[in-house]
Trainee: 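Let me give you the structure first, and then I'll get to my questions.
Keep in mind the model is a prediction, meaning the values are calculated, not measured.
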Amino acid sequence: MSHVMAKDCWRISTDTEVCIGSGICVGIAPDHFQLVDGRSQPIQERVDEDELVRDAADNCPVEAISVHDGAGRRIAPEL
């Protein structure tokens with residue numbers, strides 16, 4: 001039985017208390033974000049690496065999106 005590490009997997013989270021529902025994330029990465037009750041929500045919490053996810057986090061006007069790599073390091077928004 002082989003064990004595959006998900007090192008190329010990113011974890012997306014959104015802070016619905018901070019989100020203002022601008023929809024920029026949905027516009028940039030519609031395969032990864034949706035608006036639910038006017039707030040951003042990832043369609044899936046774990047995704048394969050995708051620069052559109054990083055771009056969405058970097059372009060969120062209130063930095064409500066966080067993206068972490070497989071090791072748990074924050075990769076977006078840029079610090």
Trainee: One pair to check against side chain to side chain contact (heavy atoms under 4.5 Å, CB included): Val67 and Arg54. What are the steps and the verdict?
Mentor: CA-CA 7 Å; Val67 183; Arg54 187 191 314 250; 5.7 Å; no

Trainee: Measure across Ser40 and Phe33 and return the closest heavy-atom pair with its distance rounded to 0.1 Å.
Mentor: OG-CD2, 3.6 Å

Trainee: Would you list the atom pairs, donor with acceptor, under 3.5 Å between side chains in residues 72-79 and any protein atom, with sequence neighbours excluded?
Mentor:
unit_1: Arg73; atom_1: NE; unit_2: Asp69; atom_2: OD2; d: 3.0
unit_1: Arg73; atom_1: NH2; unit_2: Asp69; atom_2: OD2; d: 3.0
unit_1: Arg74; atom_1: NE; unit_2: Pro77; atom_2: O; d: 3.2
unit_1: Arg74; atom_1: NH2; unit_2: Pro77; atom_2: O; d: 3.2

Trainee: Nearest 0.5 Å, what's the CD-SG distance between Glu63 and Cys19?
Mentor: 13.0 Å

Trainee: Please round to the nearest 0.5 Å and tell me the distance separating atom CG of Asp8 and atom CD of Glu49.
Mentor: 5.0 Å

Trainee: Atom OG in Ser22, atom CZ in Arg39: separation rounded to 0.5 Å?
Mentor: 10.5 Å

Trainee: Could you give me the CA-CA distance, side-chain angles and deciding distance for His32 and Val47, then say whether side chain to side chain contact (heavy atoms under 4.5 Å, CB included) is met?
Mentor: CA-CA 8 Å; His32 298 290; Val47 298; 3.6 Å; yes

Trainee: Nearest 0.5 angstrom please: Cys9 SG to His68 NE2, how far?
Mentor: 13.0 Å

Trainee: Quick one: closest heavy-atom pair of Ile65 and Thr14, and the distance?
Mentor: CG1-CG2, 3.9 Å

Trainee: Does anything in residues 13-35 pair up under salt bridge (charged side-chain N to carboxylate O under 4.0 Å, His left out), and if so which pairs, sequence neighbours excluded?
Mentor: none

Trainee: Verify the cluster assignment for Leu35 and Ile12: are they in a single hydrophobic cluster under the rule of side-chain heavy atoms below 4.5 Å apart?
Mentor: yes

Trainee: Linking I/L/V/M/F/W/Y whenever their side-chain heavy atoms sit closer than 4.5 Å, directly or via other members, would Ile28 and Trp10 fall into one cluster?
Mentor: no

Trainee: Roughly how far, to the nearest 0.5 Å, is CD1 of Ile24 from CG of Asp58?
Mentor: 12.0 Å

